[in-house]
Structure formats: structure tokens, C-alpha cells
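Just below is one structure, and these are the notes that go with it.
Proteins come first, then strands; the chains are lettered A, B, ... in the order of their sequence lines, and each starts at number 1.
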Protein chains: 2
Amino acid sequence: MLSQALSSSYSPVRPVAQARRSGALAPRTLHEHFSLAPIRAIAAKEHAFTEGDPRLQLYRVEAGAICLYKVMPDGRRQVLGFAYPGDLIGLGACDLHHCNAQATKPSQLRSIPWSAVQRVARHDPALGLRLYEAISLELAAAHDLLLTTGQRSAVERVATFLLAMARRSQRNGQDATVIDLPMTRADIGDFLGLTIETVSRTFTKLRQLKIIDLAQSARVRILDCGALRGLAEGDAGL
Amino acid sequence: MLSQALSSSYSPVRPVAQARRSGALAPRTLHEHFSLAPIRAIAAKEHAFTEGDPRLQLYRVEAGAICLYKVMPDGRRQVLGFAYPGDLIGLGACDLHHCNAQATKPSQLRSIPWSAVQRVARHDPALGLRLYEAISLELAAAHDLLLTTGQRSAVERVATFLLAMARRSQRNGQDATVIDLPMTRADIGDFLGLTIETVSRTFTKLRQLKIIDLAQSARVRILDCGALRGLAEGDAGL
DNA sequence: CGAACCATTGACCACCTTCAATGCGAGTGG
DNA sequence: CCACTCGCATTGAAGGTGGTCAATGGTTCG
């Protein structure tokens with residue numbers, strides 16, 4: 001969910017972390033704490049935590065992709081977002097988690113207890129502010145998604161989603177025109193407030209319009225980014 | 001938007017604030033800062049700030065109601081939430097406001113510069129954490145709204161909205177069965193991702209079912225709270 | 001190779017939107 | 001004081017978008 005707000009240059013392993021792990025230094029920053037924590041592997045469809053669980057740990061995604069979602073009593077599901085390597089999950093102020101976190105594919109997590117976060121925060125006035133900055137990015141993302149699910153048509157939603165995924169690719173220094181989707185159509189549908197069928201049909205429509213290419217169902221190649229941008233904002237018909 | 005996360009007992013005027021205003025003490029907490037700030041009155045439909053404005057001030061609503069919303073280039077609008085007396089608006093980490101804040105009726109605001117917030121935060125490690133707690137409540141609200149706009153039907157959305165308003169009434173020690181709506185049908189529609197007409201039709205449907213009473217269009221009386229709760233979660237048909 | 005899961009496609013229909021007209025209430029000016 | 005007007009709410013009729021149900025196809029894993 002969250003990106004690099006807490007450390008401008010995230011990398012899975014850093015020399016200083018190894019020094020700390022050796023016992024030479026005590027962990028002082030959040031990410032030093034994380035680097036000392038063991039990696040926990042979780043299988044596809046396994047949960048890191050579920051709604052109502054006590055909020056005991058703060059997690060950082062090391063590999064894979066985590067789907068954050070809420071469910072209604074009758075089973076309807078709203079995906080709130082996806083967390084990728086470097087993102088923090090489990091942020092929040094209440095005692096209990098207010099959503100579920102499920103791996104969409106085999107993933108790896110590290111976690112540190114909230115008590116440790118609070119201990120660091122007591123000595124470091126800046127940490128609280130940085131947590132605040134981190135979660136405010138999540139809030140902005142939620143507001144963007146709200147605009148999408150509340151106002152956009154199916155094509156606009158899917159186009160918006162693809163553009164966001166492309167931007168993510170680009171931020172990670174990868175080819176922005178090729179997107180490997182780590183989630184199913186059901187995840188995308190529940191994210192955008194659409195059914196599996198509508199998502200699928202919309203992908204097909206974009207393919208027929210030669211805006212995307214779909215060699216495999218999980219691999220999207222953007223052929224006409226300008227057209228995609230136009231569709232996302234509702235420029236033209238369809 | 002935000003309620004009492006930053007001070008468990010909000011009240012417009014407090015004795016200590018008057019002492020500080022007299023110059024005897026320097027402001028130390030956020031709400032002391034606010035109490036020193038002058039009240040700014042804004043008319044209905046006037047904006048406190050708009051999207052893209054530099055984020056210079058943190059606002060507290062003193063009276064009235066503020067509508068927070070985003071707009072698309074073509075004019076479609078998504079209301080993110082409503083802020084009432086005691087709520088803070090203008091929270092966030094970016095340099096610019098990411099949404100618009102417009103009064104739905106004549107309102108009053110106080111504001112303090114962000115620089116003052118940051119000054120306090122440097123000496124008070126707890127402030128950052130409390131800002132974090134405050135904004136995480138907003139995030140939870142956004143996620144709830146996401147579930148509503150993404151998954152619920154029109155009746156379910158309106159029922160959910162009315163129940164949330166009733167809960168607010170109750171928190172303020174007012175009659176939870178009577179809701180005075182400070183916003184128009186358009187505001188409600190853009191909040192729930194529905195059109196004005198659908199909101200109106202849904203209100204009449206609830207009235208015909210004897211679940212609510214609508215003496216005036218801005219005053220809702222809840223007659224059957226249980227039925228409303230049922231509708232909100234999609235228990236029965238319609 | 002078979003089974004399970006996921007994605008795609010088609011047909012039909014319900015819900016909500018769109019377009020349009022009427023009603024209602026508040027504020028203004030004659 | 002009343003008529004006028006403007007903004008907002010309500011109601012109706014028609015149409016479209018996306019949902020539902022169902023069948024087929026494809027891929028991966030055991």
C-alpha cells in the first residue's frame with residue numbers, strides 16, 4: 001500500500017542492517033528494526049492478518065503482493081488496495097485491524113511489534129510525523145479510488161487501474177508499457193467495484209481497440225498510452 | 001471529517017484557552033493553538049481551500065458543515081466526506097491540498113499555520129503520533145465509504161448513509177432518530193456515487209416503506225432503525 | 001492426463017441513469 | 001403583501017450500462 005515514505009531509498013538488504021544484526025548497534029530507525037526481523041513466507045491466498053485481529057505487528061512486504069480488503073456479511077468484497085515490496089501494511093490507530101491482508105501469490109513479509117514502533121517514537125519526534133506522512137499517502141490513494149469507484153464507468157475504471165499499474169512499473173525502473181498482473185480478475189473486479197465478467201469484457205474491448213495487448217491473461221502490454229489516458233478521464237465515447 | 005482524536009473532550013471555548021490568550025502562557029497543544037486563532041466565517045458554497053492550493057493551514061470546523069470533494073476534468077464530482085464542528089480538515093502530507101473544501105451552509109472555521117504544527121511536533125513526540133491517529137480514522141472512514149460505493153446497491157448506500165448520520169447525532173448527545181441534513185441531495189448523491197434522482201427516489205421508497213419520515217426534505221426521522229440496518233447490509237430484497 | 005481454477009464469451013434482464021416536467025420553498029423586488 | 005424567480009426536490013418515462021446466469025476455453029498443477 002505504502003511506498004517509500006519512510007525511507008526514500010528502499011532496498012531489501014543494506015550493509016548497515018547487517019552491522020546491526022551482528023549486535024554492534026541497537027536498531028534505531030523503523031527500517032533498521034525491520035531488517036533485523038526474520039522473513040516470513042506466506043503462500044498464495046494465505047492471510048497475514050484478518051479483520052478484527054488485534055493489531056500487534058507492523059508489516060513490511062518483502063516480496064510478492066498483498067491484497068487488502070473488507071467483506072460484507074453476505075460475502076461481497078471490496079479490495080482497498082494492493083501492497084508490493086517495500087510497502088508497509090498494518091498501519092492504523094485502532095486496536096484491531098479494520099481489513100484483511102491476503103497474499104495474491106507466494107509472498108514474503110517482515111514484521112515488528114507495535115510496541116517497538118512506539119518505543120522508537122518516544123525518543124524520535126520525527127517518527128510520528130513520518131508515520132503520519134506515510135498513512136496520509138494511503139488516504140490520498142483511498143480518495144483516488146473513491147473517485148474511481150464512485151464516478152467512473154467500467155472502461156474508465158479499468159483504464160485508470162492499468163495506468164496506475166504502469167506508473168508503478170515505471171517507479172520501479174521497469175518497462176512502463178508491460179504490466180505483470182499479480183492478481184486475479186476477481187481481485188481487480190472487487191478493487192474497481194465491477195464483476196469478473198465486466199473486467200474481462202473490458203480487457204477484451206481494450207484489446208480490440210488496439211490499446212492493449214493480452215498475450216497472456218496476466219500480462220498486459222500498453223500499446224496506446226495516450227488513448228488509455230483519454231479513456232481514463234472519459235474523453236471519448238466507450 | 002475527523003473527530004476528537006486530538007483532544008478527547010472538545011469544547012469551543014475553554015478557560016485555559018482564555019488564560020493563554022491573555023498572554024500568561026504560550027500555546028503548547030494543538031487545540032490551544034486553535035483557541036487562540038480568530039474565527040473565520042464562510043458563506044454557503046464558499047470554499048475554505050481548493051485542490052492544488054498550497055497546504056498552508058490546518059483548519060478546525062467551529063460551526064456549520066464542510067464538504068470535502070474531488071472533481072474530474074469533465075465536472076463529475078466525488079464527495080469524500082463531510083466535516084462538522086470539532087473536526088479537523090486540511091490534514092495530509094503533500095505540499096498541496098488534494099481535495100476541495102466547500103461549506104454546505106454558513107460555517108465558521110479556525111486555522112493555524114502548518115509551521116506552528118511542526119514547531120509543536122518538534123518538542124512533543126506525541127503530537128506526531130496523534131496526528132497519525134487522527135488521519136488513520138479518516139482512512140478508516142474512506143475505506144468504509146469505498147465498501148459502500150463499490151459494493152452496495154442504491155438502497156443500501158442511502159441506508160448506510162442515514163445510519164452513519166444517526167450515529168453522529170447520537171455521539172453529539174442529540175436524538176439519534178432525527179437527522180437534520182446540512183447538505184443537498186446533490187452532495188449526498190456525489191458522496192454515495194448516485195444521481196440526485198436516485199437519492200430522491202430512494203428516500204421516497206424508504207418513506208413508503210414506513211422506515212423513515214420526511215416532513216421536510218432536509219429533516220429525516222428514522223421510524224424503523226432495525227429495518228434500516230437490515231437494508232444497509234443487504235438482508236432483504238430491494 | 002485429468003482436475004481444478006481462472007478467464008472469456010454470450011444472452012438476458014435489472015438497476016440506475018438520463019432526460020424532462022412539475023412541485024416546492026426561500027429570498028427578492030415591485 | 002404578493003408576484004416573481006431561482007434553486008432544490010420530486011416524479012415519470014425511456015434507455016443503457018453493467019450484473020447475472022450459463023457454457024466454453026485455457027492454463028497450471030498434481
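- Residue pairs meeting the side-chain hydrogen bond (donor to acceptor under 3.5 Å, both in side chains) criterion with at least one partner in residues 208-233 of chain B, sequence neighbours excluded, are B:Arg152-B:Glu233, B:Asp180-B:Arg219.
- In this structure B:Ser200 satisfies the side-chain hydrogen bond (donor to acceptor under 3.5 Å, both in side chains) test with no other residue, sequence neighbours excluded.
- Remark: the backbone N or O of B:Gly90 is paired with a side-chain donor or acceptor of B:Arg55 at under 3.5 angstrom.
- Residues passing the side-chain hydrogen bond (donor to acceptor under 3.5 Å, both in side chains) test with B:Thr204, sequence neighbours excluded: none.
- Annotation: side-chain hydrogen bond (donor to acceptor under 3.5 Å, both in side chains) contacts of A:Asp95 (sequence neighbours excluded): none.
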Report, as a single string ordered 5' to 3', how protein heavy atoms within less than 4.0 Å touch nucleotides 16-26 of chain C: B base, S sugar-phosphate only, - not at all. SBBBB------
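- Legend: residues meeting side-chain contact (heavy atoms from CB on, under 4.5 Å) with A:Ala176, ordered by chain and number and at least two apart, are A:Gln170.
- Looking at residues two or more places apart in sequence or on another chain, you find a side-chain hydrogen bond (donor to acceptor under 3.5 Å, both in side chains) between A:Asp187 and A:Arg77, A:Thr184.
- By the side-chain contact (heavy atoms from CB on, under 4.5 Å) test, B:Asp144 is found to be paired with A:Lys70, residues two or more places apart in sequence or in another chain being considered.
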Distances for protein N/O vs nucleotides 7-9 of chain D N/O pairs under 3.5 angstrom?
from  : atom 1 : to       : atom 2 : distance (Å)
D:dA9 : OP1    : B:Arg185 : N      : 3.1
D:dA9 : OP2    : B:Arg185 : N      : 3.0

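- For the ring pair (Phe, Tyr, Trp, His ring centres under 6.0 Å) test, residues two or more places apart in sequence or in another chain that qualify with A:Phe49 are A:Tyr59, A:His97.
- From one end of the helix from C:dC1-D:dG30 to C:dG30-D:dC1 to the other, with five pairs defining each end axis, the axis direction shifts by 30° (rounded to 10°).
- At a non-hydrogen distance threshold of 4.0 Å, nothing from residues 69-78 of chain A comes into contact with DNA chain C.
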